[in-house]
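Notes follow once the structure below has been shown.
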Amino acid sequence: MKKHTVIVGLAIITSLLFACKKKDGLNQNLDPNKQENSNYMSTKKGSWWLFGARNGDVTKRMATGKDSIKNGLLFSYFEKQDTNTKFVTPEYFGKNGNRYLSLYDFDGAQTNYATLVFLLDSAVAGTQWNNTQDYNYLGIKVNLLIESNVDFTGGTLTLGTKTYKEVTKVHNKLKGKPSTLPTYFDAGTIDIWFAKGIGVIMEDVNVSILTLGIKHTDSLLDYHIEPQ
């Protein structure tokens, strides 16, 4: 009986150790020397993208033509403005080797960003990768795990009266694990549709980490790409 108890105890400890072990993500150990401006969409000042949400809100993403250093990496700096309130949200996009990066602000403070790989060069349907990062969320240390999967490439998507071709859709499943817990909990999803040369054309976000939630769907209404 004692031997059996010891074996069961060891099994439980081992399972907890494996559960607590952090998973490596593609956003880890990025080489700053390989970091460059994002070339997935125009970074030239004067380029803009107008998005409409289901609740009627309209926002405008604008290329500033400026660069910024965040989380030790070079990013192209964009601004997204609420056309009603004029509130501006900073946005950052970059590229590291074959990885397209963005910074994601999960708590809305505009000071605490997670570095995420949102797309890969030459990705095909079924391509998968993970992002992992320790994130201080409202004073609680949370290890984030984002499991990404390319649903399709080369597709078409009609938004309003416009049809976009060569569309890629990436489904992201978000999980979180506070340092006090041994396993991850589901924290929502982020679906993004891209059209190369144009950029993000649709985003469906339904995320809830601990107490706060982010939920919105933005669809491209119009855009202008400034000539190079």
Side-chain angles (χ1 to χ4, degrees), residues 14-41 43 66-78 90-151 153 168-192 194 196 199-200 203 205 207 209-210 214:
T14 301
S15 65
L16 288 175
L17 287 174
F18 276 105
C20 291
K21 185 178 180 181
K22 294 177 183 177
K23 300 180 180 181
D24 293 330
L26 283 186
N27 60 330
Q28 297 297 313
N29 303 315
L30 296 169
D31 186 350
N33 295 320
K34 293 183 179 180
Q35 185 78 0
E36 57 185 313
N37 294 333
S38 175
N39 63 0
Y40 200 85
M41 60 185 180
T43 61
K66 299 177 182 179
D67 296 332
S68 182
I69 301 294
K70 289 284 184 181
N71 290 5
L73 297 170
L74 174 72
F75 288 91
S76 298
Y77 173 64
F78 291 73
E91 295 187 316
Y92 305 88
F93 297 92
K95 191 181 182 188
N96 195 283
N98 70 334
R99 308 169 187 184
Y100 292 98
L101 310 177
S102 66
L103 297 182
Y104 211 93
D105 172 20
F106 286 102
D107 60 12
Q110 298 187 6
T111 57
N112 187 21
Y113 293 97
T115 302
L116 304 181
V117 176
F118 66 81
L119 192 61
L120 301 176
D121 265 338
S122 304
V124 297
T127 299
Q128 298 179 340
W129 66 91
N130 290 335
N131 287 285
T132 59
Q133 185 161 332
D134 287 332
Y135 192 81
N136 192 327
Y137 186 80
L138 302 179
I140 300 174
K141 187 177 181 181
V142 179
N143 181 250
L144 296 177
L145 168 62
I146 299 178
E147 299 171 331
S148 302
N149 178 77
V150 178
D151 281 354
T153 62
T168 296
K169 180 192 174 186
V170 178
H171 175 72
N172 303 280
K173 187 175 182 179
L174 181 64
K175 297 181 179 181
K177 186 182 77 63
S179 58
T180 55
L181 297 179
T183 57
Y184 288 89
F185 60 86
D186 290 334
T189 58
I190 302 174
D191 288 299
I192 310 176
F194 306 90
K196 192 162 187 178
V200 177
E203 186 177 49
V205 178
V207 170
I209 304 176
L210 301 180
I214 306 171

Heavy-atom neighbours of Asn29 CG exceed 12 at 6.0 Å = no
Quick one: list whatever passes side-chain contact (heavy atoms from CB on, under 4.5 Å) with Ala125, sequence neighbours left out.
-> none
Scanning both residues in full, the closest heavy-atom pair of Asn130 with Ser148 reads OD1-N, 4.5 Å
With sequence neighbours excluded, residues passing side chain to side chain donor-acceptor pair (under 3.5 Å) with Glu203 = none
Is there side-chain contact between Ile69 and Leu74, with at least one heavy-atom pair below 4.5 Å?
-> yes
Give a yes or no on this: more than 12 heavy atoms of other residues, nucleotides or ligands lie within 6.0 Å of atom NZ of Lys169.
-> yes
Looking only at heavy atoms, the pair that brings Gly176 and Ala187 closest together is N-CB, 4.5 Å
Specify the closest pair of heavy atoms between Gln35 and Asn96, including all atoms of both residues, with the distance to one decimal.
-> OE1-ND2, 2.9 Å
Spatial distance of atom OH (Tyr104) from atom CG (Leu144) [nearest 0.5 Å] | 11.5 Å
Could you check if a side-chain atom of Phe78 sits within less than 4.5 angstrom of a side-chain atom of Tyr92, using non-hydrogen atoms only?
-> no
Acceptor/donor pairs from residues 115-122 side chains to any protein atom, 3.5 angstrom cut, sequence neighbours excluded:
| unit_1 | atom_1 | unit_2 | atom_2 | d |
| --- | --- | --- | --- | --- |
| Thr115 | OG1 | Asn71 | ND2 | 2.9 |
| Asp121 | OD1 | Tyr100 | OH | 2.9 |
| Asp121 | OD2 | Lys95 | NZ | 2.7 |

Gap between atom CD1 of Ile190 and atom NE2 of His171 - 0.5 Å precision | 10.0 Å
Pairing residues for Asn27 by the side chain to side chain donor-acceptor pair (under 3.5 Å) criterion, not counting sequence neighbours | none
Taking side-chain contact (heavy atoms from CB on, under 4.5 Å) as the test, write out the residues that go with Asp31, two or more places apart.
-> Asn33, Lys34
Under the side chain to side chain donor-acceptor pair (under 3.5 Å) test, residues paired with Asn149 that sit two or more places apart | Gln128, Asp151
Taking the six-membered ring where the residue is Trp, are the ring centres of Tyr40 and Phe93 under 6.0 Å apart?
-> no
Identify the two heavy atoms, one from Ile209 and one from Val207, that lie closest to each other, and give their separation to 0.1 Å.
-> CG1-CG1, 3.9 Å
So, Asn112 side chain and Asn136 main chain: donor-acceptor pair closer than 3.5 Å or not?
-> yes
Among side-chain atoms of Tyr184 and Asn143, is any donor-acceptor pair under 3.5 angstrom?
-> yes
Go through the structure and list residues passing side-chain contact (heavy atoms from CB on, under 4.5 Å) with Asp105, not counting sequence neighbours.
-> Asp107, Gln110, Tyr113, Tyr135
CG-OG1 distance between Leu145 and Thr132, expressed to the nearest 0.5 angstrom = 7.0 Å
Gap between atom OG of Ser68 and atom CG of Leu103 - 0.5 Å precision = 8.5 Å
Of all the heavy-atom pairs spanning Thr183 and Lys177, show the shortest one and how long it is.
-> O-CG, 3.3 Å
Note: Ile140 and Pro178 closest approach over all heavy atoms is CG2-CB, 4.5 Å
Residues at least two apart in sequence or cross-chain that pass side chain to side chain donor-acceptor pair (under 3.5 Å) with Gln133, listed by chain then number, are none
The reported gap from CH2 in Trp129 to CG in Asn172 (rounded to nearest 0.5 angstrom) is 7.0 Å
Quick one: pull up CG in Asn131 and CG in Leu174 and give me the separation to the nearest 0.5 Å.
-> 10.0 Å
